[in-house]
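No hydrogens, no waters, no symmetry mates; every other heavy atom, side chains included, goes into these values. Lettering of chains follows the sequences in order, A, B, ..., and the numbering in each one begins at 1.
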Amino acid sequence: MKYQIEQLIAAALATLPPDILPADVPRPAIEIERTRDPAHGDFACNIALRLAKAAGRNPRQLAQAIVDTLSVSELVDKVEIAGPGFINFHLSPRAYSLELSRILDLAEAYGYGQRGAGERIVVEFVSANPTGPLHVGHGRQAALGDALAALLATQGHEVHREFYYNDAGVQINNLALSVQARARGLRPGDPEWPKDAYHGEYIQDIAEDFLARRTVHALDGEPVKATGKVDDLEAIRKFAVTYLRNEQDIDLQKFGVRFDVYYLESSLYTEGKVDETVAALVASGKTYEADGALWLRTTEYGDDKDRVMRKSDGTYTYFVPDVAYHVTKWRRGFRKAINVQGSDHHGTIARVRAGLQALGIGIPPGYPDYVLHKMVRVMRGGEEVKISKRAGSYVTLRDLVDWVGRDAVRFFLVSRKPDAEFTFDIDLALSQSEENPVYYVQYAHARICSVFRQLREKGLDYDRAMGEAHVARLTEPHEKALIRRLTYYPELLENAARALEPHQLAHYLRDLAGDFHTYYNAHTFIVEDAALRNARLTLVSAARQVIANALKLLGVSAPEQM
RNA sequence: GCGGCCGUAGCUCAGUUGGAUAGAGUACCUGGCUUCGAACCAGGUGGUCGCAGGUUCGAAUCCUGCCGGCCGCGCCA
């Protein structure tokens with residue numbers, strides 16, 4: 001609908017005589033906005049305000065000239081000039097009727113666009129190291145990343161959800177040593193307890209299963225059977241990593257998040273991609289040796305200092321496989337890559353991009369994109385619970401989902417801007433779980449389903465054709481407000497996808513549910529007048545559809561009864 | 001010190017990529033179930049959009065400076 005209004009304005013501008021709008025006046029992009037106040041109609045255009053100065057005319061006068069040349073459309077009832085020179089469009093009942101029909105016809109696909117058709121995007125998120133259970137920060141990332149991926153898919157993008165495992169390096173070695181220590185019966189604090197070892201209870205669990213020669217397996221790999229041989233550190237490492245990956249798989253499955261690809265850092269080494277990348281960087285001439293290490297001149301690409309690639313002990317720093325990994329994204333055909341990460345990692349952005357630039361293989365400077373989110377602080381009993389794997393005392397995602405339910409956690413974690421800090425008060429979530437906003441939205445959905453159940457109990461049927469034919473009967477302000485909100489949905493998806501802001505979806509749902517509840521309380525749907533009754537049922541049926549669609553994008557259920 | 005992000009009602013947060021009178025929830029006060037589900041609705045109280053300049057028809061939004069908070073600044077990831 002917005003697009004059609006835009007076309008009307010564009011056509012009018014093109015036919016304006018030069019004495020009103022000289023041909024040499026630069027034309028800004030036409031912006032069509034939703035009005036904030038229903039009295040201003042449905043859409044507003046500020047083009048006259050933006051052209052006024054260059055055209056040497058006052059905005060209202062110019063707006064009048066534009067309105068005079070607008071062609072007639074069945075979608076538009078009335079066009080007005082208001083305020084300093086806005087052109088306001090009031091849509092016709094016909095326009096509303098057509099859009100409600102579209103919602104019911106397209107059903108699950110309503111709101112989808114084709115802006116991203118053919119473009120492959122990889123969204124990387126969670127990417128937790130397999131050194132411990134997922135914590136609530138990972139939960140925020142999972143909720144954000146999954147909703148973002150779903151949002152991009154609505155715009156026609158071919159989206160891949162990807163999880164990158166840092167299953168190589170120092171931390172994994174620490175993990176193996178920790179499990180080994182536990183398997184030998186050591187405890188934290190013992191003289192022989194390894195430095196920097198993980199203390200969490202889960203280490204003990206892994207050690208016990210390793211000694212019991214249990215078999216574990218991760219979603220994408222072969223089962224691994226524990227040897228039970230305490231001196232075989234490599235066997236312990238393999239078992240522990242698979243064990244923890246499986247634990248994370250379980251958590252994510254419970255959270256309703258799936259990935260298309262699990263990418264293992266270790267595979268970058270075994271497949272030679274790390275060596276390949278290092279060789280290419282050396283060949284590029286952007287590296288140098290100093291202090292026994294190999295450095296990359298990342299400062300040439302905006303980093304604030306050069307970075308070590310190969311340490312003096314011969315091993316690589318983490319950012320080398322990171323660069324190699326992003327090369328694979330590019331080579332796998334993803335011309336756009338979005339990484340959802342904690343903002344505490346923002347320092348890595350410059351060096352990864354620098355590495356990709358130094359390779360000179362045509363990757364654009366802004367590749368990959370990042371959505372950074374602030375950490376989640378957890379409060380319990382009025383005190384902050386420290387999030388630390390090494391300390392082993394932190395709230396896991398699994399705990400949270402068990403306590404307040406998957407729907408509430410997902411909705412809650414995605415409902416605010418990623419770059420704002422998030423305080424998750426466990427006591428509050430527990431004690432007021434029924435006041436969580438997610439129930440407000442789900443209740444609207446269940447209530448609509450209930451209306452149709454009531455209809456059947458009264459021996460009536462919903463006649464959609466009759467309803468669509470009488471949408472013009474929906475003249476109450478509450479009805480128009482609900483229709484306006486529903487027809488905004490496609491624009492919302494487009495805006496939220498472009499801005500990479502899934503939280504817009506949560507706020508929209510809250511508003512939409514509010515519009516419905518208000519309407520529900522103000523008017524009875526199941527009335528004697530069949531034409532009006534079916535028109536109203538058409539409206540709430542469309543509302544149910546859009547609520548269900550939006551909830552699905554967030555990974556939240558849309559119950560028919562509560 | 002340098003860099004990134006944030007600062008909006010008592011509290012938690014929105015603000016449609018610069019628009020019209022800054023909005024929700026919560027808390028507090030008042031009212032609404034003989035009715036399609038009260039897990040709901042209606043009304044009220046509540047603001048120097050951190051501070052000060054600048055840009056323009058127009059600023060919570062963009063620029064500069066300052067104040068305050070979080071994070072990062074390793075041959076850790």
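A ring-centre distance under 6.0 Å is found for A:F525 and A:Y519.
Closest heavy-atom contact between A:P321 and A:Y269: CG-OH, 3.7 Å. What you find for A:V441 and A:A513 is that their closest heavy atoms are CA-CB, 3.9 Å. Summarising the geometry of A:L62 relative to A:A48, their closest heavy-atom pair is CD2-O, 3.7 Å, with the distance given to 0.1 Å.
Close to B:rC41, at under 4.0 Å from its OP1 or OP2, lies a side-chain N or O of A:Y440. The phosphate of B:rA20 has neither OP1 nor OP2 within less than 4.0 Å of any side-chain N or O from A:T35. A close approach under 4.0 Å does not occur between any side-chain nitrogen or oxygen of A:R50 and OP1 or OP2 of B:rG58.
The listed nucleotides are B:rC36, B:rC75, B:rA20; the one nearest the side chain of A:A293 is B:rC75. Considering only the side chain of A:Y439, B:rA39 comes nearest among B:rC41, B:rA39, B:rC5. When each of B:rA20, B:rG4, B:rC41 is scored by its nearest atom to the side-chain atoms of A:K374, the top-ranked nucleotide is B:rG4. Taking only side-chain atoms of A:S312, from C-beta outward, the nucleotide of B:rA77, B:rC75, B:rA24 with the closest atom is B:rC75. Among the nucleotides B:rG4, B:rU16, B:rG19, the one closest to any side-chain atom of A:N46 is B:rG19. Listed candidates were B:rC36, B:rA39, B:rG15. Nearest to the side chain of A:K417 is B:rG15.
To the nearest angstrom, P of B:rU35 lies 13 Å from CZ of A:R447. Spacing between atom NE2 of A:H523 and atom C1' of B:rC41 amounts to 12 Å, rounded to whole angstrom units. One atom, CG of A:L505, and another, P of B:rA24, lie 21 Å apart when rounded to the nearest Å. When rounded to the nearest whole Å, the span between NZ of A:K305 and P of B:rC75 equals 7 Å. The NE2 atom of A:H478 sits 9 Å away from the C1' atom of B:rA42 (whole-angstrom rounding). To the nearest angstrom, C1' of B:rA20 lies 15 Å from CD of A:E31. Here the C1' atom of nucleotide B:rA77 and the CD1 atom of A:I349 are 15 Å apart, to the nearest Å. Nucleotide B:rC36 holds its P atom 15 Å from the CZ atom of A:R533, rounded to whole Å.
Residue A:E491 is out of contact with every strand shown, counting any heavy-atom pair closer than 4.0 Å. Within the 4.0 angstrom heavy-atom criterion, base atoms lie near A:A44. A:N88 comes within 4.0 angstrom of a nucleotide base, judged by non-hydrogen atoms across all strands. The residue A:D291 sits close to a base: some heavy atom pair falls under 4.0 Å. Nucleic acid contact class of A:A522 (heavy atoms, under 4.0 Å, all strands): none.
Taking 4.5 Å as the limit, every side-chain heavy atom of A:Y325 sits out of range of all side-chain heavy atoms of A:N166. Inter-residue side-chain proximity for A:D42 and A:F89 is flagged as unmet; no heavy-atom pair is nearer than 4.5 Å.
Separating the P atom of B:rC2 from that of B:rA20 is a span of 37 Å, rounded to the nearest Å. Taking atom C1' in both B:rU48 and B:rU12, the straight-line distance is 22 Å, to the nearest Å. Look at the P atom in both B:rG53 and B:rU61: the space between them is 14 Å, to the nearest Å. Nucleotides B:rU16 and B:rG23 are separated by 13 Å at their P atoms, to the nearest Å. Going from the C1' atom of B:rC28 to that of B:rU35 covers 30 Å, rounded to whole Å.
Along RNA chain B, the nucleotide nearest to A:F412 and the one nearest to A:D304 differ in position, and the one closer to the 5' end is contacted by A:F412. Mapped onto RNA chain B by nearest heavy atom, A:R453 and A:N166 fall at different nucleotides, with A:R453 at the one closer to the 5' end.
Judged by the 6.0 Å distance and 45° axis criteria, A:R140 is not positioned over the aromatic ring of A:F422.
Within the shown strands, B:rA52 is the pairing partner of B:rU64 under the Watson-Crick or G-U definition, both distances less than 3.5 Å. When both pairing distances are held under 3.5 Å, B:rU21 makes no Watson-Crick or G-U pair with any nucleotide shown. Pairing for B:rA42 is with B:rU30, a Watson-Crick or G-U wobble pair whose two hydrogen-bonding atom distances lie under 3.5 Å. For B:rG1, the paired nucleotide is B:rC73, the pair qualifying as Watson-Crick or G-U wobble because both relevant distances are below 3.5 Å.
Atom CZ of A:R453 has more than 12 neighbouring heavy atoms from other residues, nucleotides or ligands inside a 6.0 Å radius.
Residue ring and nucleobase are not stacked for A:F86 and B:rG19 under a centre distance beneath 5.5 angstrom and an angle between planes beneath 30°. Both stacking criteria are satisfied for A:H40 over the base of B:rA20: a centre-to-centre distance under 5.5 angstrom and an angle between ring planes under 30 degrees.
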